[in-house]
Amino acid sequence: MSEYIIFHNPRCSKSRATFELLTANGIEPEVFEYLEEPMNKEGLEYLFQALGKKPKDVLRVKEDEYKELTLDLNNDHEVIAAIITHPKILERPIVMKGDKAIIGRPPENVFELF
């Protein structure tokens, strides 16, 4: 098992570029395709803690699915529930190493984890 995890959407160019950057540096991350695999509240809470961000700060607000929602962005539980139901609204890619995580936008952000 790798010490790195990538929350990955293979259809996303930034996600693919981040994955390629990791592998080019000898890192074979564990791949979590969050659009295909279910996420849970506890895992997301841990992820946000590792990012040092509130759930509302990790949303893809330009996604149509997000625009259709009427979220109270100050209610973390409501935002997390929306991400579980609509995982497409979660920013991507996210790379995690231990108890620290970073958003790979731009992909070079992951160098902070090396």
Side-chain angles (χ1 to χ4, degrees):
M1 179 176 251
S2 176
E3 64 181 320
Y4 290 85
I5 300 170
I6 183 169
F7 290 76
H8 184 52
N9 176 354
R11 291 178 292 276
C12 171
S13 62
K14 297 289 187 206
S15 195
R16 288 191 311 269
T18 300
F19 180 81
E20 290 170 11
L21 186 66
L22 290 168
T23 58
N25 283 277
I27 297 166
E28 293 296 330
E30 180 179 341
V31 177
F32 182 76
E33 289 191 30
Y34 68 96
L35 294 179
E36 305 297 326
E37 301 176 49
M39 294 185 291
N40 62 46
K41 178 180 176 274
E42 295 77 19
L44 284 170
E45 287 173 342
Y46 185 76
L47 180 63
F48 297 132
Q49 182 179 22
L51 284 165
K53 296 188 179 286
K54 302 280 282 169
K56 70 179 180 179
D57 299 327
V58 190
L59 294 174
R60 296 179 57 84
V61 297
K62 293 181 181 177
E63 288 289 340
D64 290 338
E65 286 183 44
Y66 172 83
K67 292 176 184 177
E68 294 171 4
L69 300 172
T70 54
L71 292 176
D72 175 358
L73 295 178
N74 294 312
N75 182 332
D76 290 349
H77 298 292
E78 185 176 327
V79 174
I80 289 171
I83 293 169
I84 290 169
T85 306
H86 307 278
K88 193 173 183 182
I89 68 173
L90 179 65
E91 188 58 87
R92 62 183 178 259
I94 298 172
V95 178
M96 184 173 224
K97 178 185 179 192
D99 62 354
K100 185 168 181 184
I102 197 88
I103 297 173
R105 286 185 176 267
E108 293 77 17
N109 282 352
V110 300
F111 288 136
E112 292 180 36
L113 296 175
F114 292 6

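Position 1 is the first residue of the sequence, and the numbers go up from there. Scope of the values below: all heavy atoms of this structure, side chains included, with no hydrogens, waters or symmetry mates. Owing to the predicted nature of the structure, the values given are computational and were not obtained by experimental measurement.
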Intermediate values then yes/no, side chain to side chain contact (heavy atoms under 4.5 Å, CB included), Lys41 and His77: CA-CA 8 Å; Lys41 178 180 176 274; His77 298 292; 3.7 Å; yes

Phe48 vs Lys53, side chain to side chain contact (heavy atoms under 4.5 Å, CB included): CA-CA, chis, key distance, verdict: CA-CA 5 Å; Phe48 297 132; Lys53 296 188 179 286; 5.5 Å; no

Test log, rule side chain to side chain contact (heavy atoms under 4.5 Å, CB included), inputs Phe114 and Ile27: CA-CA 10 Å; Phe114 292 6; Ile27 297 166; 3.3 Å; yes

Derivation of the side chain to side chain contact (heavy atoms under 4.5 Å, CB included) call for Ile89 and Leu69: CA-CA 10 Å; Ile89 68 173; Leu69 300 172; 4.0 Å; yes

Ring pair (Phe, Tyr, Trp, His ring centres under 6.0 Å) evaluation trace for His8 with Phe19: CA-CA 8 Å; His8 184 52; Phe19 180 81; 5.6 Å; yes

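A side chain to side chain contact (heavy atoms under 4.5 Å, CB included) with Pro55 is found for exactly one of Leu73, Leu90, Val79, namely Val79.
A distance-only check finds a donor-acceptor pair linking the side chain of Asn9 to the backbone of Arg11 [under 3.5 Å]. Judged by distance alone, with hydrogens and angles left aside, the side-chain atoms of Asn109 form no donor-acceptor pair with the main-chain N or O of Ile102 at under 3.5 Å. Remark: side-chain polar atoms of Asn25 are paired, donor with acceptor, to backbone N or O of Leu21 under 3.5 angstrom. Listed for the Thr85 side chain is no donor-acceptor partner under 3.5 Å among the backbone atoms of Ala82. The backbone N or O of Pro10 sits less than 3.5 Å from a side-chain atom of Arg16, completing a donor-acceptor pair.
Shown here for Ser2 and Pro29, the closest heavy-atom pair between the two residues is OG-CA, 3.6 Å. Minimum interatomic distance between Glu65 and Lys88 (heavy atoms only, all atoms of both residues): OE2-CD, 3.4 Å. Residues Pro93 and Thr18 share a closest heavy-atom pair of CG-OG1, 3.3 Å. In plain terms, the two heavy atoms of Ile103 and Glu91 that are nearest each other are CG2-CG, 3.8 Å.
Leu35 and Val95 are not part of a single hydrophobic cluster, where members link through side-chain heavy atoms under 4.5 Å apart. Ile84 and Leu51 fall within the same hydrophobic cluster, defined by Ile, Leu, Val, Met, Phe, Trp and Tyr side-chain heavy atoms under 4.5 Å apart, directly or through other members. Cluster annotation: Val58 is connected to Leu44 through the hydrophobic network of ILVMFWY side chains, with a link wherever side-chain heavy atoms come within less than 4.5 Å. When the side chains of ILVMFWY residues are joined at heavy-atom separations under 4.5 Å, either directly or via intervening members, Leu71 and Met39 end up in a single hydrophobic cluster.
With values rounded to the nearest 0.5 angstrom, Glu112 atom CD is found 12.5 Å from Lys97 atom NZ. The distance from the OG atom of Ser15 to the CD atom of Glu20 is 10.0 Å, given to the nearest 0.5 Å. Between the CG atom in Leu47 and the CD1 atom in Ile94 there is a gap of 4.5 Å [rounded to 0.5 Å]. Distance check: Met96 CE to Ile6 CD1 gives 13.0 Å after rounding to the nearest 0.5 Å. The structure places CD of Gln49 at 8.0 Å from CG of Asp99, a figure rounded to the nearest 0.5 Å. Note: Arg60 CZ to Ile83 CD1 = 12.0 Å, rounded to the nearest 0.5 Å.
Within a 6.0 Å sphere centred on NZ of Lys67, other residues, nucleotides and ligands contribute more than 12 heavy atoms. Within 6.0 Å of NZ in Lys14 there are 12 or fewer heavy atoms belonging to other residues, nucleotides or ligands.
Proximity of the aromatic rings of Phe7 and Phe32 is defined here by a centroid distance below 6.0 angstrom, and this criterion is met.
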